[in-house]
Amino acid sequence: MNNYRNEELKRLISESLRERPDSYLIQQLFEQFPTTTELMNVSEQQLIRIKGIGLCKARQLTAVLKLTNALTIPAQNRSTIRSPKDVFDLLEPEFRHLNKEHFTCLFLNTKNKVIFKEVISIGSLNAAIVHPREVFHAAIKRCSASIICAHNHPSGDPTPSPEDIELTKRLVSSGDLVGIEVLDHIIIGSHRYVSLREQGLI
C-alpha cells in the first residue's frame, strides 16, 4: 500500500469511526492488515478481534471499505471501453489478490465510457451468488446505457462454468427487458481472461 493511499485510507477510517488516526484502534487495524488487499478483504469476525471494535463498528468499517473500493476508479481510467482487454486491464490489478469471487459491473454511458464501477456480490472460494435484479437495480440507479459484467476465478483458470454461462444468459434477457444492454461478461483468471461475447455465448 503506497504511503499516500495508506494515509488517505487511515484518515477516512478514522473519521468514519470517530477515532484519532494515532489511536490504538487505528494503529492495530493497520498493523494487523497492512496491505490494501488484506484490508479490503477483512471480515467482521476478524475486526471484532481487535480491542475496541464491536459488531456495530465492524459493520460500519466493512461498509466504508466496500464504498471506498467501489469508488476507486482513478479519473484516468474513466475511459472508453473498446475491447475485453480494456476491461481486463482495468480490473485485473484489483482482482489479482482476491481469494473469493467478486462479481463487478462497469456501468457505461452511450459512448461506452465508464461512469461507475460497483461490486455487486462477493461469493465463496468458487462461487459468487448474483441475481439480475441486483445488477439492474444498480444499473438503473446509475442511469447506465449499457453494462459490462466481470468476475474473477480465484483458481486462476478463467474458463466459464455452466453456471457462468447460465447467469450471463439470464442477465442478457433481463437487460433486453429493461432496455440496458449487457455488452459482455468477462471472467478474469491469473494473467488471462475469457470474454463470453468473444466465445459466442452472448
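In this structure, the separation between CD on Glu198 and CD1 on Ile202 is 10.5 Å, given to the nearest 0.5 Å. Separating the CZ atom in Phe30 from the CG atom in Leu25 is a distance of 10.5 Å, to the nearest 0.5 Å. In this structure, the separation between OG1 on Thr168 and CZ on Arg197 is 10.5 Å, given to the nearest 0.5 Å. A distance of 11.0 Å separates NZ of Lys113 from CG of Leu108, quoted to the nearest 0.5 Å.
Taking the side chain as every heavy atom from C-beta outward, Asp184 and Pro84 approach each other to under 4.5 Å.
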Given the rule in the side chain to side chain contact (heavy atoms under 4.5 Å, CB included) test, do Glu44 and Leu55 qualify, once you have shown the distances and angles that lead to the verdict? CA-CA 7 Å; Glu44 290 178 5; Leu55 185 58; 3.6 Å; yes
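A side-chain N or O of Gln32 and one of Gln28 form a donor-acceptor pair less than 3.5 Å apart. If you check the side chains of Asp157 and Thr159, you find a donor sitting under 3.5 Å from an acceptor.
Ring pair His153/Phe95: centre-to-centre distance not below 6.0 Å.
Looking at Ser174, its side chain does come within 3.5 Å of a backbone N or O of Arg170 through a donor-acceptor pair. Side-chain N or O atoms of Gln46 include one that pairs as donor or acceptor with a backbone N or O of Ser43 at under 3.5 Å. Side chain of Ser161 to backbone of Asp164: a donor-acceptor contact under 3.5 angstrom is found. At least one donor-acceptor pair under 3.5 Å links the side chain of Asn152 to the backbone N or O of His102. A donor-acceptor pair under 3.5 Å links the side-chain atoms of Gln27 to the main chain of Pro21, judged by distance alone.
Residues forming a side chain to side chain contact (heavy atoms under 4.5 Å, CB included) with Arg82 (at least two apart in sequence, or on another chain): Thr80, Asp86. Remark: Arg18 engages no residue in a side chain to side chain donor-acceptor pair (under 3.5 Å) (not counting sequence neighbours).
Shown here for Ser144 and Ile147, the closest heavy-atom pair between the two residues is CB-CG2, 4.3 Å.
Relative orientation of the His185 and Phe103 rings is perpendicular, given thresholds of 30° and 60° on the angle between their planes.
Here Glu19 pairs with Lys57 in a salt bridge; the nearest charged N to carboxylate O distance falls below 4.0 Å.
With a 6.0 Å cutoff to the six-membered ring centre and a 45° limit on the axis angle, Arg142 does not count as a cation-pi contact of Phe107.
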